[in-house]
Amino acid sequence: MLDPDLDAPVGGHEILIEDDRIREVSDKPIRAEGADVIDCGGRTLMPGLIDCHVHAVLCEVVIPKLEAMPLTLMTAHAMSLLRGMIDRGFTSVRDTGGADWGLRQAVDEGLIAGPRLFIAGRAIGPTGGHSDSRRRTDIGTRCPCCDALAFSMAVADGQSGVRKTVREEMRQGCDHVKIMMSGGVASPFDPLDSLQFSVGEVKAAVEEAEAFGRYVCAHAYSPEAITRAANAGVRTIEHGNLIDEASAKLMADKGMFLIANLVAYYAMKERAADFGMTGDMLAKNDVVIEGGLRSLEICKRAGVPVAYGSDLLGQLQVDQSREFVIRSEVLSAMEIIRSATTIAAKVLRKEGELGCLKPGAFADLLLIDGDPTKNLELFGDQGRHMAAIMKAGRFHKNTLH
């Protein structure tokens, strides 16, 4: 049994599952009359994985292509992408721009095979920022009912505009609010080091999200963007590749989280050009890829908890589990596993319910052919090394028959 709260897997344990929850964990035989008994056969049992930065509806590597995609096709792609995530053992994911309450409900009702979804709705940014991928000849607003790009991203300017947009995302049932604080790789026109939302706009977003009992997560690369976000009350920083010691200390002092996603930059460098990503975008990618591993080391020294994220677009999402191996250059296996279990659960505000093997937690379980603390590649190969995948007490995959 691989309990992320322990330093190593332990043997001789039994777990009792009732309905969708873990009822008992014991190092002695459990008596439960009428229960089905499953022999794990010397494999490793652990909690389901959590990816804190996915984009279920961004089904193209080159995001502006979504402008010509109807919502019906976008949804069909999302169904395939979500199934791939749970096939890899990710039983919960945090979507940071695009997925809406309809997709979440479809998964909850069993209409779509996929992980438990925590949604941001549309990612929000200023005109010309990272969420504004319009072509330069498009100066108007677009109808989100027939344009996948407008459906997944929003543009808001000024404090009143930000308040109205955040309130609308709250009305749409979002679990968190995603805002843009700096330039990005996959957006065509904004410089990477640009500072986007102003302090007043960020504070407006935070105030509205917190009024709804939610929180704000911010796309930010540079120390300046991270510092502005932290001082304005943002709870999590997404990416943070260019973080420095001072901004990391500020994050630690404020109890913030970093969601790193190094694999996205490796995958884009290797294959994004094949799908049409431009040289300008790839040049920005080269800037942030160098800081990726260093950002993990800086945050570890500062005491900033780092959650697991992938942030892969479109056809690159097959690389979702590769993040485990990339991080192993600077972190231990257990540190990385905790990033995708216990730390990720704290980001979701679901500690004790997700990412753990505790009575009362959801019965999200993986059964792995081997010990991932000794070989992180067991998380790879699209779930091939997972003999069973259970979400909320039901098997998504079971090869133990």
Side-chain angles (χ1 to χ4, degrees), residues 1-52 82 85-94 104 107-110 113-118 175 305 307-308 324 333-373 378-379 383 385-401:
M1 186 181 78
L2 200 174
D3 182 343
D5 286 331
L6 304 177
D7 291 331
V10 294
H13 281 65
E14 293 186 2
I15 295 179
L16 177 64
I17 296 164
E18 197 173 287
D19 298 325
D20 62 348
R21 302 273 179 165
I22 295 172
R23 293 303 173 196
E24 188 177 348
V25 180
S26 178
D27 59 0
K28 299 180 177 62
I30 295 174
R31 298 178 65 88
E33 196 169 325
D36 295 324
V37 178
I38 299 171
D39 184 350
C40 294
R43 299 175 179 89
T44 299
L45 185 73
M46 67 172 290
L49 302 170
I50 304 169
D51 189 330
C52 282
L82 287 168
M85 293 178 195
I86 195 167
D87 284 348
R88 298 179 202 109
F90 289 92
T91 52
S92 295
V93 298
R94 174 177 174 258
R104 182 179 63 194
V107 171
D108 290 345
E109 293 182 9
R116 190 178 285 101
L117 266 172
F118 296 83
D175 300 296
Y308 190 99
F324 286 100
M334 279 305 298
E335 287 173 323
I336 301 167
I337 289 169
R338 287 177 185 130
S339 76
T341 52
T342 51
I343 294 173
K346 290 177 182 177
V347 170
L348 298 176
R349 294 175 167 170
K350 292 292 182 181
E351 53 264 56
E353 287 194 288
L354 298 175
C356 64
L357 299 178
K358 297 283 187 289
F362 282 105
D364 292 4
L365 303 172
L366 307 179
L367 195 58
I368 299 177
D369 295 325
D371 182 354
T373 66
L378 291 171
F379 290 125
H385 307 291
M386 297 175 184
I389 300 171
M390 175 180 281
K391 174 191 161 194
R394 293 180 176 270
F395 281 111
H396 169 72
K397 174 183 179 181
N398 185 4
T399 65
L400 302 177
H401 302 299

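R88 places none of its side-chain heavy atoms less than 4.5 Å from the side chain of D51. Side-chain contact between F379 and L49: present, with at least one pair of heavy atoms (C-beta onward) separated by less than 4.5 Å. For the pair F362/K350, no side-chain contact is recorded, criterion being any heavy-atom separation below 4.5 Å from C-beta on. Put simply, the side chain of L354 reaches to within 4.5 Å of the side chain of F118, judged on heavy atoms. Residues M390 and N398 fail the side-chain proximity criterion, which asks for heavy atoms closer than 4.5 Å. Annotation: side chain of D3 is not in contact with side chain of V10 (no heavy-atom distance under 4.5 Å). L357 is listed as a side-chain neighbour of L365, based on a closest heavy-atom distance under 4.5 Å. Within the 4.5 Å cutoff, the side chain of D369 has heavy atoms near those of the R43 side chain.
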Give the C-alpha distance, both sets of side-chain angles, the deciding distance and a yes or no for side chain to side chain contact (heavy atoms under 4.5 Å, CB included) between R23 and I30. CA-CA 11 Å; R23 293 303 173 196; I30 295 174; over 6 Å; no
Before you tell me yes or no, could you show the steps for L82 and L117 under side chain to side chain contact (heavy atoms under 4.5 Å, CB included), namely the whole-Å CA-CA distance, both residues' side-chain angles and the distance that decides it to 0.1 Å? CA-CA 9 Å; L82 287 168; L117 266 172; 4.2 Å; yes
Could you walk me through whether R338 and D7 pass the salt bridge (charged side-chain N to carboxylate O under 4.0 Å, His left out) check? CA-CA 10 Å; R338 287 177 185 130; D7 291 331; 3.4 Å; yes
Side chain to side chain contact (heavy atoms under 4.5 Å, CB included) between M1 and E14, intermediate numbers included: CA-CA 9 Å; M1 186 181 78; E14 293 186 2; over 6 Å; no
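To the nearest 0.5 Å, the span separating CD1 on I368 from SG on C40 amounts to 11.5 Å. With rounding to the nearest 0.5 Å, the separation of CE in M386 from CD1 in I86 is 11.0 Å. The CG atom of L348 lies 8.5 Å from the CG atom of D175; values are rounded to the nearest 0.5 Å. Rounding to the nearest 0.5 Å places OG of S339 at 10.5 Å from CE of M334. In this structure, CG in D87 is found 6.0 Å from CD1 in I389, a value given to the nearest 0.5 Å.
A pairwise comparison of heavy atoms in E24 and S26 identifies OE2-CB, 4.1 Å as the closest pair. In plain terms, the two heavy atoms of I343 and P305 that are nearest each other are CG2-CB, 4.1 Å. Heavy-atom minimum distance, F90 versus P115: O-CB, 3.1 Å. When all heavy atoms of T44 and D371 are compared, the pair lying nearest together is OG1-CA, 3.6 Å. A pairwise comparison of heavy atoms in H396 and A113 identifies CE1-CB, 4.3 Å as the closest pair. Contact between V347 and A307 at its shortest, heavy atoms only, is CG2-CB, 3.9 Å.
Only one option out of L45, I337, T341 pairs with L2 in a side-chain contact (heavy atoms from CB on, under 4.5 Å); it is I337.
Under a 3.5 Å cut-off, the side chain of D364 and the backbone N or O of A392 do form a donor-acceptor pair. The backbone N or O of S92 sits nowhere less than 3.5 Å from a side-chain atom of R116 that would complete a donor-acceptor pair. T373 places no side-chain N or O within 3.5 Å of a backbone atom of A333 that could act as its donor or acceptor partner. D39 contributes a side-chain N or O that, together with a main-chain N or O of G41, makes up a donor-acceptor pair within less than 3.5 Å.
By the neighbour-count criterion of 12 heavy atoms within 6.0 Å, atom NZ of K397 is densely surrounded, having more than that number from other residues, nucleotides or ligands.
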